[in-house]
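Per chain, numbering begins at 1; letters A, B, ... match sequence-line order. Since the structure is predicted, the reported quantities are computational estimates derived from the model, not experimental observations.
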Number of protein chains: 2
Amino acid sequence: MKRIVVVEDEVFMREELENLLQKAGYEVHAVDLFEHVAKNLLEMSPNLILLDINLPNLSGFQICREVKQRSPIPVVILTSRDQMRDELHALDIGADEYLTKPCRKERLLARIANVLKRYEGRANLLEGEGFLLDRQTYTLYIHDASVVLPKNQGKLLEVFLLGGQKVVTKEDLCDALWGTSEFIDENALQVNLTRLKKTMTNLQMHQKIVPVRGAGYRLMMEGGPDEA
Amino acid sequence: MKRIVVVEDEVFMREELENLLQKAGYEVHAVDLFEHVAKNLLEMSPNLILLDINLPNLSGFQICREVKQRSPIPVVILTSRDQMRDELHALDIGADEYLTKPCRKERLLARIANVLKRYEGRANLLEGEGFLLDRQTYTLYIHDASVVLPKNQGKLLEVFLLGGQKVVTKEDLCDALWGTSEFIDENALQVNLTRLKKTMTNLQMHQKIVPVRGAGYRLMMEGGPDEA
DNA sequence: AAAAAACTTACAATCGCTGTAAGTTTTTTT
DNA sequence: AAAAAAACTTACAGCGATTGTAAGTTTTTT
């Protein structure tokens with residue numbers, strides 16, 4: 001059964017949505033507003049997030065952006081602010097659907113089902129700048145093509161993606177490859193990194209792995225920090 | 001550059017759309033209506049199809065359905081018929097977006113960009129009942145999981161999917177595996193089929209490969225034709 | 001100039017996929 | 001019911017891709 005989290009601060013509306021979705025066969029969790037909504041949402045890892053945008057504290061847009069940056073979970077935005085600007089902005093930051101209240105039940109359900117359908121098979125896709133990586137198979141999607149990376153290269157790339165822009169230590173990388181950083185074979189790691197780098201250039205990816213002396217490595221956009 | 005095919009029979013509207021999309025940086029091909037639109041659309045294999053639903057002969061729905069059954073190309077429906085029934089129907093048969101005229105340019109462009117973005121990496125995904133198959137890597141997506149099939153198993157499954165419900169001959173299968181049906185090693189094919197069947201049951205897929213005596217094999221839904 | 005860190009290349013071991021062989025089982029025909 | 005045809009099963013050996021190892025070289029820092 002698909003799980004949906006509803007983010008809505010108005011009690012009446014929240015209960016109505018909860019009811020409607022439950023009747024439609026979804027497992028529903030409604031959350032009120034609090035600090036770190038985005039973080040909590042990710043931990044619940046639902047199949048879809050229904051997000052009301054008339055929120056008191058934090059902007060709904062902000063939540064949407066955070067979720068989208070860190071996960072492939074689809075987000076449907078529901079709002080009473082029928083402004084073209086809002087809609088464009090929402091779609092721009094990655095919302096999958098933007099619906100204005102009042103919205104007929106049938107339409108809401110149909111759109112939700114539609115979004116869910118399109119997300120089939122995307123559950124474990126990690127998003128990088130200009131490419132996607134399947135965390136289970138290490139299938140890499142780029143430029144309308146796809147390749148299956150060797151397991152080790154996939155694991156390494158995965159660590160870099162999860163690390164964001166941060167520096168990733170060799171311990172982290174060894175850990176990912178062999179489950180332990182106890183006995184580090186510096187050289188084995190080195191070779192595997194070289195291999196990953198090579199396939200990255202072969203695939204014309206827009207980022208590189210650069211060394212950070214003594215600390216580890218980091219994933220960087222091509223032509224990044226220009227320190228001339 | 002992304003290619004969009006516009007299907008619209010009204011001349012004025014068509015030119016306007018063409019213009020708008022070109023300015024937005026797309027490569028646009030407008031097509032008039034004729035027989036076998038769906039077939040031709042598939043041959044053009046654009047990145048997206050913008051489909052007007054007020055068509056004279058064939059129902060736009062029909063076109064949408066045909067395209068969706070045979071390809072993963074996203075379809076955006078544009079219409080002046082603002083009927084809830086139409087919208088639900090459109091979404092139900094797999095349309096990716098449903099917009100009503102008059103529609104502001106910004107919204108149209110934003111929605112198109114949104115749909116395109118979500119389709120990144122899906123260019124070579126074949127759709128089966130309850131699963132997806134990547135034709136390049138033979139990565140199989142099912143039940144929120146993914147596996148890379150061995151090349152031969154992938155090729156076989158691919159042939160079955162492309163064949164639809166029809167019976168697939170052994171020649172077809174040999175052809176897919178070894179590029180020729182000249183010298184058929186019945187047994188080698190047999191073994192490969194068995195392997196595919198095994199992984200299909202392991203993955204709990206909802207269809208089976210059943211033999212058709214003397215003719216070949218066919219892909220069937222589990223618990224299909226009940227001939228008691 | 002010396003040391004440390006990062007990198008390169010080639011090779012051998014390993015693992016998974018494939019075809020082969022030699023069967024057995026199921027279905028159809030006589 | 002027996003024989004023949006089609007479909008299936010299992011184990012094994014060859015092959016190729018991926019991996020770790022070894023023995024270097026190059027680059028950067030001190």
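In this structure dA17(D) sits in a base pair with dT14(C), meeting the Watson-Crick or G-U test at under 3.5 Å. Base-pair partner of dT27(D): dA4(C) (Watson-Crick or G-U wobble, both distances under 3.5 Å). Remark: dA11(D) base-pairs with dT20(C); criterion is Watson-Crick or G-U wobble with both hydrogen-bond distances under 3.5 Å.
With rounding to whole Å, Lys155(B) atom NZ is found 14 Å from dG19(C) atom C1'. The distance between atom CG of Leu173(B) and atom P of dT18(C), rounded to the nearest whole Å, is 15 Å. Rounded to whole Å, the distance from CG on Leu189(B) to P on dG19(C) is 10 Å. Atom NZ in Lys208(A) sits roughly 11 Å away from atom P in dC7(C) (whole-Å rounding). Distance CG (Leu196(A)) to C1' (dT19(D)): 15 Å, rounded to an integer number of Å. In this entry the distance linking NZ of Lys151(A) with C1' of dG20(D) reads 16 Å, nearest Å. Atom CG of Leu177(A) and atom P of dT21(D) are 12 Å apart (whole Å). Here dT19(D) presents its P atom at 7 Å from CD of Gln153(A), a figure rounded to the nearest Å.
Distance from the side chain of Arg195(A) is smallest to dT19(D) among dT19(D), dT27(C), dT18(C). Picking from dG20(D), dC7(C), dT28(D) the nucleotide with the shortest atom distance to the side chain of Pro211(A) gives dC7(C). Of the candidate nucleotides dT9(D), dG20(D), dC7(C), dT9(D) has the atom lying nearest to any side-chain atom of Thr194(B). With dT19(D), dA6(C), dT21(D) as the candidates, the nucleotide lying closest to the side chain of Asp185(A) is dT21(D). Side-chain atoms of Pro150(B) lie closest to dC17(C) of the nucleotides dT8(C), dC17(C), dA7(D). Closest to the side chain of Arg213(A), out of dT28(C), dA5(C), dG20(D), is dA5(C).
Looking at which nucleotide of DNA chain D each of Leu149(A) and Ala188(A) is closest to, the 5′-most match is held by Leu149(A).
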Hey, mind stepping through Arg122(A) and Glu127(A) against salt bridge (charged side-chain N to carboxylate O under 4.0 Å, His left out) and telling me if it holds? CA-CA 10 Å; Arg122(A) 309 208 112 204; Glu127(A) 205 159 324; 6.0 Å; no

Stepwise salt bridge (charged side-chain N to carboxylate O under 4.0 Å, His left out) test for Glu158(A) and Lys151(A): CA-CA 10 Å; Glu158(A) 184 184 10; Lys151(A) 231 181 283 299; over 6 Å; no

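Heavy-atom contacts from other residues, nucleotides or ligands closer than 6.0 Å to NZ of Lys2(A) number more than 12. By the neighbour-count criterion of 12 heavy atoms within 6.0 Å, atom CD of Glu43(B) is densely surrounded, having more than that number from other residues, nucleotides or ligands.
Applying the 4.0 Å criterion to OP1 and OP2 of dG23(C), one finds that Asn187(B) has every side-chain N and O outside that range. A sub-4.0 Å separation between OP1 or OP2 of dA6(D) and a side-chain N or O of Lys170(B) is absent. Close to dC8(D), at under 4.0 Å from its OP1 or OP2, lies a side-chain N or O of Lys197(B). At the phosphate of dA5(C), neither OP1 nor OP2 sits under 4.0 Å from any side-chain N or O atom of Tyr217(A). Regarding contacts with the backbone of dT18(C), every side-chain N or O of Trp178(B) stays at 4.0 angstrom or more from both OP1 and OP2. Applying the 4.0 Å criterion to OP1 and OP2 of dT18(D), one finds that Asn152(A) has every side-chain N and O outside that range. Phosphate proximity of dA7(D) to Gln190(B): absent, as no side-chain N or O sits under 4.0 Å from OP1 or OP2.
Using a 4.5 Å cut-off on side-chain heavy atoms (C-beta onward), Leu50(A) and Leu21(A) make contact.
At the heavy-atom level, Lys198(A) lies nowhere under 4.0 Å from the strands shown.
Under the 3.5 Å distance criterion, the side-chain polar atoms of Thr199(B) are matched with a main-chain donor or acceptor of Leu196(B).
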